[in-house]
Structure formats: structure tokens, C-alpha cells
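Accompanying notes for the structure given below.
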Amino acid sequence: MAHAPITPEDFHDLRQVGDAQISPDGERVAYVMTEPDRVKNSYRNSIWIVAAGVGEPSRLTQGCVRGDTSPRWSPDGARLAFLSDRGGKNQIHVIELAGGEARAVTGMAGGVNEFTWRPDGAGFFFVSRVRADEVGAEGAAEPPPLPEAEKKLEDERRRLDEEKRTDPRVIRRLVYRAGNTYWDERRAHIYHVPLEGGRATRWTEGEFDHELPSCLPGASGFITASNRTGEEDLNFEAKIWRVDSPLGVPAPLTEGPDPDSHARVSPCGRWIAFLRVGARELASNLTRLFVMPATGGAPRELAGALDRTVADFAFSPDGNSIFALVPSEGDCGIVRFQVESGAHERVSFDRRFVHAFSVSRETLAFAATEPDSPSDIHVAPASGGAATRRTKVHSKWLSGKRWSRPEEIRVKSADGTEIQGWYYPPAEGSAPGKHPLLLNIHGGPHVMWSHSFPSMWHEFQVFASNGYGVLAMNPRGSDGYGEAFTKGNLGSWGEADQPDLEAALDHVLANHPVDPARVYITGGSYGGFMTAWMISHSDRFRAAVAQRGVYHLLSFSGATDIPWFIEMEFGSDPWDAPEKVWPFSPLKHAPNIRIPLLLLHSDCDFRAPIINAEELFVRLKMLRREVVLVRYPREGHELSRSGEPAHRVDRLQRIFGWMEQHA
């Protein structure tokens with residue numbers, strides 16, 4: 001039987017599993033299933049459970065639009081807490097695993113962002129974003145519960161009041177928006193609520209934001225990370241703080257200019273671990289893992305010998321080890337560190353891209369993407385060894401599709417530097433003969449393409465299963481190859497990394513039956529920058545699609561939600577030295593763009609604001625070049641990863657259609 005190609009519309013059949021949480025006894029894994037809702041043009045999140053050993057997965061919650069997320073086991077494993085927006089905003093819910101319905105524990109007006117169980121299971125600490133006026137009203141008497149009809153009217157009144165409060169919107173902070181939303185002067189504070197629910201007690205105060213706390217065993221307090229300098233938009237001096245009582249004065253546990261985050265206490269109570277990244281050249285520095293005694297003392301780095309970023313970590317139940325998620329050369333696997341000695345070993349999961357994990361006793365549970373699996377739950381011995389796939393979310397769907405298995409490529413760039421990446425040949429069953437080639441460039445620039453990059457599995461396969469070769473390389477500037485490599489394009493965007501991509505193109509053209517007259521290029525964010533840069537510095541491409549790109553480095557600096565980024569990448573304030581960044585702006589080189597260009601951008605992209613696409617579009621139209629600009633309403637920078645399903649399908653259709661139109 002002939003297998004069908006994968007299409008943009010197949011996005012509606014894909015499911016993403018994540019947030020794999022193993023039970024305290026190591027017997028079960030709770031996880032989140034995210035599936036597109038075609039009718040409501042949104043997503044439905046539900047919580048599932050699968051045995052670590054044998055048995056089929058079962059759905060624990062039905063979910064709803066947006067729905068149920070963040071499953072967390074109680075310390076005794078008898079209950080599962082999770083966040084659900086079934087009442088309008090995310091609140092903590094608890095369900096008894098022996099039977100019964102989920103019940104809401106919190107009722108915060110601003111909802112709950114994150115939460116953690118107390119070690120004794122008697123309640124929760126959680127983070128909620130609140131305004132000063134809401135904080136001031138917390139001491140008022142609890143109003144009596146309203147009948148359902150009156151409650152709906154009250155909720156509608158609050159919604160209208162909120163709309164009026166932000167019309168017009170008054171801006172006081174330098175960084176006042178992120179993603180595609182405004183912050184509205186809210187601060188992330190930490191609260192406590194007992195297991196049975198009731199009024200939540202706020203533990204932090206002030207005009208500061210706080211990270212998810214980590215509880216101190218045997219004590220009533222916690223540690224958290226917070227920038228309490230009062231200038232958090234102008235520096236990155238987040239430190240680790242200890243809070244021992246409600247509204248008590250926090251005690252600093254770390255110091256220095258480098259930002260600390262993700263502070264966690266070991267289950268044994270002896271250690272505090274956290275992540276730290278150098279404030280200078282922040283974006284290109286490695287994120288490093290540190291540990292210190294819980295009683296205080298100098299932190300020491302655990303992951304220094306790796307020369308790799310640590311993306312996430314978790315203590316072993318006995319507190320003697322730390323498991324860390326480490327991206328390296330296209331794999332994203334888990335490394336185990338001994339806390340006392342600092343010795344480390346890789347828990348090998350080759351050819352998997354792990355994007356969430358947890359550990360209990362001697363078992364790891366993780367969510368991962370593989371070349372033959374868009375998303376599944378796995379378990380493995382914590383000591384190392386073979387992993388077992390515990391779900392087969394897409395096995396039936398894949399059985400009727402043709403898809404491509406990526407091939408690793410390592411090439412020498414012009415200066416002899418080795419560059420790694422992947423080539424997806426046309427899937428078996430594609431038309432014979434010479435085929436077109438699509439170069440897809442990642443964003444960042446300090447991220448890393450993989451053989452199984454989670455958000456790109458479908459996109460790469462759409463092209464490969466329809467007869468295209470797809471080239472996904474990691475030029476200098478990419479993460480996963482050491483800090484020196486990651487810094488390899490600082491101050492020289494485009495000039496430093498174009499030779500790496502050209503060398504990879506030459507390799508594929510020499511070793512695969514590619515039609516050199518049908519070579520295309522695309523990329524998003526920094527990849528959008530590189531797309532515009534390369535088509536203005538090379539004549540080898542037939543057509544291009546630049547997505548959510550940065551094309552004018554000066555105007556980008558004045559409109560983005562990361563206004564410090566260009567200064568860190570180029571070593572000087574772009575406003576003081578515009579002559580340093582203008583030559584690296586694709587807008588300057590727009591007269592050299594002579595091939596058809598499709599610009600895709602989101603109206604509410606606060607990371608790479610749409611003004612950059614507008615400027616490039618106008619410049620090319622004035623030059624009478626073939627250019628089209630497509631704007632996506634309501635979307636932000638994450639359109640390709642979490643945008644409305646209809647928009648994500650439309651985006652892929654337009655990219656594929658643009659290539660086909662210019663074949």
C-alpha cells in the first residue's frame with residue numbers, strides 16, 4: 001500500500017505529550033496531552049497516567065480549551081494536584097487517585113502561575129501575579145459565596161473593569177510586555193494555601209517578582225530567586241533568598257552580578273542547587289549548575305567540565321545526585337552528577353530529544369521526540385541503560401504516512417571549523433530524480449537544531465515527505481558545542497555563520513541528487529535574519545521565506561522586549577554606535593535581494609516587533625522587487641510553536657506554496 005505524504009493539515013492529528021512526572025514510588029507517570037481543537041481553533045490539555053511497567057495509558061481528566069496542566073504528585077502518592085482553567089483562570093485542583101472528582105483549592109483573582117506541594121503534603125506554595133491594589137484588598141473579610149447567576153455577572157463586571165483599567169494603557173517600566181501580552185504592573189508573589197483550600201496567605205511583598213519556591217524540609221519556609229535591586233529591567237542581579245515566615249524579611253543566600261534562578265532544595269535538606277549564567281554577554285553564555293550547603297556557604301559549580309548549558313535539573317530522592325538536562329550536538333539527554341564529588345556520567349538516550357523529565361527512586365520518566373516519534377513518554381533506569389517507550393501516541397497515524405529519517409552531517413567550514421547538522425532526504429516514495437532542497441535556519445542564534453527537534457518534527461517532514469531535501473545545520477553561534485563555539489558569531493552576525501551554511505549546502509549538492517536550480521531558504525527569528533542576510537549576499541537561492549525576523553538591528557533594539565540583546569551581541573550600545581550594527585542589518589543590503597521573498601510576521605510579536613518586517617517590505621516594494629508580507633493577528637513570536645492551530649496550518653501551507661509557486 002502506498003503511503004501518503006505528510007501535509008500541513010496533518011497538524012490537527014498530532015498530539016504533544018510533556019511534563020512527565022513520575023510518582024514517589026516510581027510506579028506511575030502522570031503527563032499532559034496537548035491536542036489541537038479544530039472546532040474552537042485552540043488546544044485541549046488533559047492529564048493522563050501510564051504505568052512505568054506494563055499497561056495502556058489512561059486519561060485522568062477530560063480537559064477543556066487550554067485545560068489541565070502541571071500534574072504534581074502528593075508526597076505520599078495518594079493525590080495528584082494540577083492547574084486547571086476550567087473556572088476561567090488557572091487554579092490549583094486536587095484529585096484523589098482512589099476515586100472522586102477534582103476540587104479547586106485556590107480561587108485567586110489573577111490565577112495561579114506555578115505551585116509546589118509542601119513536603120508534608122498539608123498544602124501548597126504557589127506563585128500568583130497581583131497588582132498593588134489587589135494586595136491592599138487581601139485583608140478584607142471574605143465575601144459570602146454568590147449564586148451561580150450572580151457570580152457570572154460579577155465576573156463580567158470584573159472583566160469590563162479590567163478593560164477600562166488598560167484603556168488607555170499607562171507604561172512606567174522599561175520592560176512592560178513579553179510574548180504577546182502586557183504585564184499590567186502585576187508582580188509575581190508567593191502564597192500558601194492549605195490542602196483543604198480557603199484563604200491564601202501571601203508570604204512575599206514589595207515591587208519584586210519571585211520564582212517558584214522550593215520548600216525547606218522540616219521548616220515552614222522556602223527559598224526563591226528574585227531580583228530585589230529595584231532596577232530589574234536594567235540589570236540581571238537575581239539572587240537566591242530564604243523566606244522563613246509570611247511577609248518576613250528575606251535573607252540573601254547568594255551574591256554578585258550574575259543572575260541565579262531555579263533554586264531547589266534537596267529532599268534530604270542538605271543542599272541547595274541553582275542555575276547561574278554570566279551577566280556579561282548573557283545570551284551567549286552557558287547556563288551553569290551550582291550547588292551549595294543549605295546552611296550557607298560558597299556555591300561551587302558542578303557542570304564546569306562539560307562545557308555545555310544545563311537546561312533543567314532535579315535532585316535524586318536521596319539528595320546525593322542531581323540529574324540535569326543537557327543539550328549537546330543535536331541530542332538533548334540527561335547527565336547525572338554526584339553532589340559531593342562533582343563526578344558526572346551521561347545517562348545515554350541517543351537519538352532522543354528529551355524536553356521534560358522527573359526522577360523517583362531509581363527510575364527516570366521523560367517526554368522525548370525521536371526521528372520516528374513526534375512525542376512520547378519513556379522510562380529508564382536512573383543508573384543508565386535502555387529506555388522503554390511507554391506511549392505510542394502516533395503509531396497508527398505514522399503507519400499510513402511516508403516520512404524521512406535524518407542523516408547526520410559534519411562538514412568543514414571555510415576556516416576549518418567543523419559544523420554539524422542534519423539532512424532529511426526526500427521520503428521513500430517521493431518522485432525519482434533530482435529534487436529541490438530547503439535550507440531551514442534556526443533562531444536564537446544560540447539554540448540548536450536536532451535530529452528530532454520537538455517543534456520542528458512536523459514541519460521538516462512536510463517538506464521531506466513531499467519530495468524536498470531539508471537541511472538543518474548548527475552554524476557557529478549555536479548552543480550544544482561549547483561556549484567558544486556559541487560565541488563564534490558575536491559582533492559578526494551573518495558574516496561569521498554564512499560560510500558554515502554555504503559549506504553544508506556545497507556538501508549536500510555534491511553528495512545528493514539535488515537540483516541546484518531549486519534551492520530554497522527559510523528560517524524564523526534569527527533564522528529570519530539569516531534568510532534575509534543570505535539572499536542579499538548569495539545568488540544560489542530560487543525563493544525565500546523569512547519569518548518573524550530581525551532586519552534592522554537599531555529599530556529592533558528600541559521596540560523589542562529584550563532591549564539589551566543587541567548590545568550584548570555586538571559589545572556596544574547600538575544607539576551610541578549605530579555604525580557598528582547598521583552594516584549587519586539586512587535592511588541595508590535590501591537592494592541586493594532579487595529573488596521572490598515572502599515575509600511572515602505576527603502583529604503582536606513583542607520579541608521581534610513587526611516594524612522590522614514592515615521596513616523590509618516597504619524597502620523592497622520601493623525597489624519593485626517581488627515581496628509579499630503576511631501578518632497574523634493576535635499572534636506573538638511563538639506562532640510556529642503555540643499559535644492558533646489554523647494559523648499554524650496556514651503558515652506551513654504558505655511556506656510550501658511559495659516554494660512550489662516558484663519552482
Side-chain angles (χ1 to χ4, degrees), residues 69-70 72 81 83-85 87-93 104-118 122-142 158 162 165-166 172-179 181-195 197-216 219-233 235-254 259-265 274:
T69 60
S70 304
R72 297 294 182 267
L83 293 180
S84 179
D85 66 351
K89 294 188 176 180
N90 270 341
Q91 306 292 347
I92 301 173
H93 288 67
V105 176
T106 59
M108 300 296 293
V112 174
N113 294 67
E114 299 177 282
F115 73 95
T116 186
W117 283 90
R118 277 176 40 170
F124 305 92
F125 284 103
F126 64 89
V127 177
S128 182
R129 296 190 66 84
V130 292
R131 296 192 308 268
D133 61 306
E134 294 170 331
V135 167
E138 287 176 350
E142 188 88 33
R158 288 178 178 175
E162 182 70 11
R165 196 186 64 79
T166 57
R172 296 183 176 87
R173 293 183 58 180
L174 170 63
V175 180
Y176 57 91
R177 58 186 185 176
T181 59
Y182 288 83
W183 289 353
D184 293 334
E185 299 184 335
R186 293 179 181 270
R187 293 292 186 171
H189 283 291
I190 298 172
Y191 290 77
H192 173 268
V193 66
L195 178 60
R199 182 186 290 275
T201 303
R202 182 167 48 84
W203 278 56
T204 57
E205 60 181 344
E207 289 296 303
F208 311 115
D209 292 308
H210 302 83
E211 281 192 359
L212 178 69
S214 181
C215 298
L216 294 158
S220 59
F222 54 78
I223 61 170
T224 183
S226 177
N227 184 332
R228 303 178 70 85
T229 64
E231 294 188 333
E232 68 274 25
D233 294 339
N235 66 54
F236 304 96
E237 297 177 23
K239 300 290 100 187
I240 311 302
W241 302 81
R242 176 172 178 149
V243 180
D244 288 315
S245 60
L247 305 185
V249 178
L253 299 179
T254 60
D260 300 331
S261 64
H262 296 78
R264 291 164 191 168
V265 181
F274 60 92

Who passes side-chain hydrogen bond (donor to acceptor under 3.5 Å, both in side chains) against Arg129, sequence neighbours left out? none
Atom of [X], atom of [Y] and distance for their closest heavy-atom approach:
X      : Y      : value
Asp244 : Leu216 : OD1-CD1, 4.3 Å
Ala200 : Phe126 : CB-CZ, 3.7 Å
Asp209 : Ala188 : OD1-N, 2.8 Å
Arg118 : Ala122 : NH2-CB, 3.8 Å
Ala263 : Ile223 : CB-CD1, 3.7 Å
Ala225 : Ser261 : CB-CA, 4.0 Å

Aromatic contact, Tyr191 with Trp203 (centres under 6.0 Å): no
Would you say the ring centers of His262 and Phe274 fall short of 6.0 Å from each other? no
So, [X] side chain and [Y] main chain: donor-acceptor pair closer than 3.5 Å or not?
X      : Y      : value
Thr254 : Ile240 : yes
Asn90  : Gly111 : no
Thr224 : Glu211 : yes
Gln91  : Met108 : yes
Thr204 : Ile190 : yes

Are the charged groups of Arg173 and Glu207 less than 4.0 angstrom apart, N to O? no
With heavy-atom distances below 4.5 Å as the criterion, would you say the side chains of [X] and [Y] are in contact?
X      : Y      : result
Pro252 : Trp241 : yes
Val105 : Pro194 : no
Leu195 : Trp117 : yes
Phe125 : Phe115 : no
Ile92  : Leu83  : yes
Pro259 : Asn227 : no

Measure up the His189 and His210 rings against each other and bin them: parallel (under 30°), tilted (30 to 60°), perpendicular (over 60°). tilted
